[in-house]
Structure formats: structure tokens, C-alpha cells
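Proteins come first, then strands; the chains are lettered A, B, ... in the order of their sequence lines, and each starts at number 1. Note that these values count all heavy atoms, side chains included, but never hydrogens, waters or copies made by symmetry. This structure is a prediction, so every number in the text was calculated from the model and none was measured.
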Amino acid sequence: MAEEMKAKLKNYKTAPFDSRFPNQNQTRNCWQNYLDFHRCEKALSAKGDDVSVCQWYRRVYKSLCPISWVTDWDEQWADGTFPGRSELAAPPSPASSVLLPRW
Amino acid sequence: MAAPAQLGLQNAASPIMEELIAFHDHALMIIFLISSLVLYIISLMLTTKLTHTSTMNAQEIEMIWTILPAMILIMIALPSLRILYMTDEFNKPYLTLKAIGHQWYWSYEYSDYEDLAFDSYIMPTYFLEPGEFRLLEVDNRTTLPMEADIRVLISSQDVLHSWAVPSLGVKTDAIPGRLNQAMVASMRPGLYYGQCSEICGSNHSFMPIVLEFIYFQDFEVWASYLYI
């Protein structure tokens, strides 16, 4: 799997179409990939696996998210004040997902 | 860009815009025909000496002037919806460009490989070269490759703006905290001009957009110069 990921990363042109976000509003696409990158790093480093496969999420959020958003979020992450931390702590339960705003 | 006193749409640089121009011609022709017919009938009504004071029913004509407009509306709706769905087609972008509105300039980011970013301010009239366009030129043009699908993500750093390029049929609002996606593709190289299209303060009229479409190989050379 790591080899496939390396090949995908080598051929990376730009963030591909994501069917979870088919519409004009791509805000959630950027946010989700940022979260997924940190979630992936956290999960793989906890298991002691190779974290380089998480680079895919990083390339995608770098393509999609404005640089200023990424800078702010990285600072918040370093300070421990990143607002998405609760989403990273545990997978969302079906009940809590009902309360999330529809993007 | 628009010629002085231009009334119609600008020449299309993308296939979607060509479709929009054709649709506009179709709808406008229908409007002209209906308006001419109505004006002609009014003129007939006002200049006749005939009278008819005992109309009881008019079933046939009522049928005609209900069914015919319904058919005309369908003839307008079908191409319109076709183009609407065409703009939402599944696309495989070659490149992602972020256009961020500020008061009162645009900044562009190309972050697929490195973080390449620059600001694009209006060229003040005093600094224009002969032949350049007043209130439309910028200091740093947004260079893009032609014949490639480009995903543009539009947002704002402060207030509402709108990123519009008429030749490409694009107008998308720049909303703070939101990323709006538009697809852009030019069939030919050239300069395409646009202006901010949402009131955003005193210099709303003075934050234009200039897209410079060039050949692929030249684009790669340009991108390599951007990275310092």
C-alpha cells in the first residue's frame, strides 16, 4: 500500500474530484483533508507505522486550502487550541453527526 | 475585454461561454419576436374603426394563447437547463488556483507543488503604457495554461467580493470563510479581463482581474520563475 501511495504522490497533479463534495462549496473538502492528515499521522505514529502515506492528505489540503487558513490552523495546532481537536479525539457517533451543520 | 460602448456579450474564450452566447441569442430572438408581435397588435387595435361589443366566449383563442406561450417557455427552459448541468459536469482539473479577495486587490495562490502566491493590484492610470487599458490592467497578471481544465477556488479575506471574467462565463462570489469552486478553461491564448462584481468598499471599481493564458511549456517556465 505504501508503494501505491508513493506512486500516487509522484503522479500528483492537483486535488482530484471528491464525490463526497460534489458541489460548489468546497470548504468542507479543505477542512476534512486537513483533519484527515492529522488523524492519519496520529493513528500511524501511535502504531509505529510509516507516516509518509499521510502525505496524500497533506498535498490535497495544500492544494485546496488558502495559505492563510493553513498557517492559522498550524499555529493553533502547535498551541493546542485547534478547534477540530474534539473531532480528532473520537470518531463521530451517529447521534452527534445529526447536530453538525450541513455543509 | 469590452470595447467602448459595447452592448453585447464579449467574445467567448471557453466552450461554456460559447453555449451561453448561443442561448442568449436564442432567448433574445424569442423576446424580440414576442415584443414585435405585441406592438403590432397594439397598433392594430388603436387604428381600427371596427367594433365588436358582444363578445361572449373565445374558447379557441384562449386555448392558443395559453398553449403557445407554454411551448415557448419549454423551448427556453430546455437549453437553459442543459447549460446549467453542463457547468456542473464531472471534471478532472489539471491545476488548482486560489483567488482570494481583499480590500482592494486579489491575491492568487498556486499550491499544488510549492506555495506560490502573489498579489494583483490595479495598475494606476499614471503608470499605464500606451495601448494599455485604464482601470483594467494589473501589476501581476494571473498566468494559466490554455486548453486545460483549471479549478478556481474563490474566497475572501475580509468582505464579500466577486471574481468575474466575462469572456470565460465565470462570476463567483468571494465569501469570507467559504471556498467556492468554479471551473475555467480557455481554448486559446490571450488576455482576459474582469472586474470585482460585489460591492466591497470605496475601491470596489478598482480591483480588476487579468488572466493570461499561455502555452503549457511557457506556463511551466513561468511557474519556475515564481518560486524564489
Side-chain angles (χ1 to χ4, degrees), chain A residues 5-38 52-78 81-84 87 100-103, chain B residues 84-85 87-102 106-119 144-145 148-158 161-163 170-185 216 219-220 223 226-227:
Chain A
M5 184 50 68
K6 278 191 175 54
K8 260 175 77 170
L9 279 167
K10 207 158 92 71
N11 295 330
Y12 183 84
K13 283 226 153 357
T14 190
F17 174 72
D18 190 337
S19 56
R20 297 174 296 172
F21 313 103
N23 297 321
Q24 191 184 44
N25 186 359
Q26 294 289 300
T27 319
R28 193 75 183 184
N29 194 353
C30 146
W31 173 252
Q32 195 61 49
N33 278 285
Y34 187 82
L35 286 185
D36 287 346
F37 171 68
H38 285 286
S52 66
V53 295
C54 304
Q55 284 301 310
W56 174 260
Y57 297 118
R58 184 163 186 281
R59 294 297 294 272
V60 171
Y61 84 65
K62 280 235 160 248
S63 284
L64 296 176
C65 305
I67 294 170
S68 60
W69 292 12
V70 173
T71 316
D72 288 343
W73 292 341
D74 286 344
E75 278 172 19
Q76 288 172 355
W77 182 263
T81 56
F82 183 62
E87 291 184 52
L100 283 170
R102 291 275 160 260
W103 291 79
Chain B
L84 182 66
Y85 280 84
T87 58
D88 270 350
E89 269 175 1
F90 165 79
N91 44 59
K92 289 174 64 169
Y94 172 78
L95 176 70
T96 299
L97 169 73
K98 277 164 274 175
I100 315 231
H102 307 254
W106 293 95
S107 66
Y108 298 100
E109 298 174 8
Y110 302 67
S111 332
D112 290 322
Y113 300 98
E114 311 289 345
D115 273 349
L116 307 179
F118 59 87
D119 296 337
L144 292 167
D149 285 329
I150 293 156
R151 174 204 270 128
V152 188
L153 294 169
I154 297 145
S155 186
S156 167
Q157 197 69 3
D158 37 45
H161 300 269
S162 184
W163 197 79
V170 174
K171 182 177 291 177
T172 308
D173 282 357
I175 299 166
R178 180 178 167 121
L179 276 181
N180 274 336
Q181 177 176 281
M183 293 303 293
V184 148
F216 257 85
F219 176 72
E220 263 144 35
L226 197 55
Y227 176 58

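If you measure heavy-atom distances from B/Ser155 to chain A, the contacts under 4.5 Å come from the side chain alone. Residue B/Tyr113 touches chain A through both its backbone and its side chain, counting heavy-atom pairs closer than 4.5 Å. For B/Asn180, the parts lying near chain A are the backbone and the side chain together; criterion is any non-hydrogen pair under 4.5 Å.
When each of A/Cys65, A/Ser19, A/Pro16 is checked for heavy-atom pairs under 4.5 Å with chain B, A/Cys65 comes out on top. Of the listed residues (A/Leu64, A/Val70, A/Val60), the greatest number of heavy-atom pairs within a distance under 4.5 Å of chain B belongs to A/Leu64.
Summarising the geometry of A/Ala15 relative to B/Pro93, their closest heavy-atom pair is O-CG, 4.1 Å, with the distance given to 0.1 Å. Shortest non-hydrogen contact noted between A/Lys13 and B/Tyr94 is CE-CE1, 3.4 Å. Closest approach of B/Lys98 and A/Lys62 over heavy atoms only: NZ-O, 3.1 Å. Here the closest heavy-atom approach between residue B/Asp112 and residue A/Ser63 is recorded as OD1-OG, 2.5 Å.
With rounding to the nearest 0.5 Å, the separation of CG in B/Asp115 from OG1 in A/Thr71 is 8.0 Å. If you take CD1 on B/Ile100 and CD1 on A/Ile67, they are separated by 8.0 Å, rounding to the nearest 0.5 Å. Taken to the nearest 0.5 Å, the CD1 atom of B/Ile175 stands 8.0 Å off from the CG atom of A/Asn25.
Checked by atom type and distance alone, the side chain of A/Thr27 pairs as donor or acceptor with a backbone atom of B/Leu179 at under 3.5 Å.
At least one side-chain heavy atom of B/Thr172 sits under 4.5 Å from a side-chain heavy atom of A/Gln24.
B/Pro176 is linked by a side-chain contact (heavy atoms from CB on, under 4.5 Å) to B/Ser156, B/Leu160, counting only residues two or more places apart in sequence or in another chain. Partners of B/Tyr108 under the side-chain hydrogen bond (donor to acceptor under 3.5 Å, both in side chains) rule, at least two apart in sequence or in another chain, are B/Trp163.
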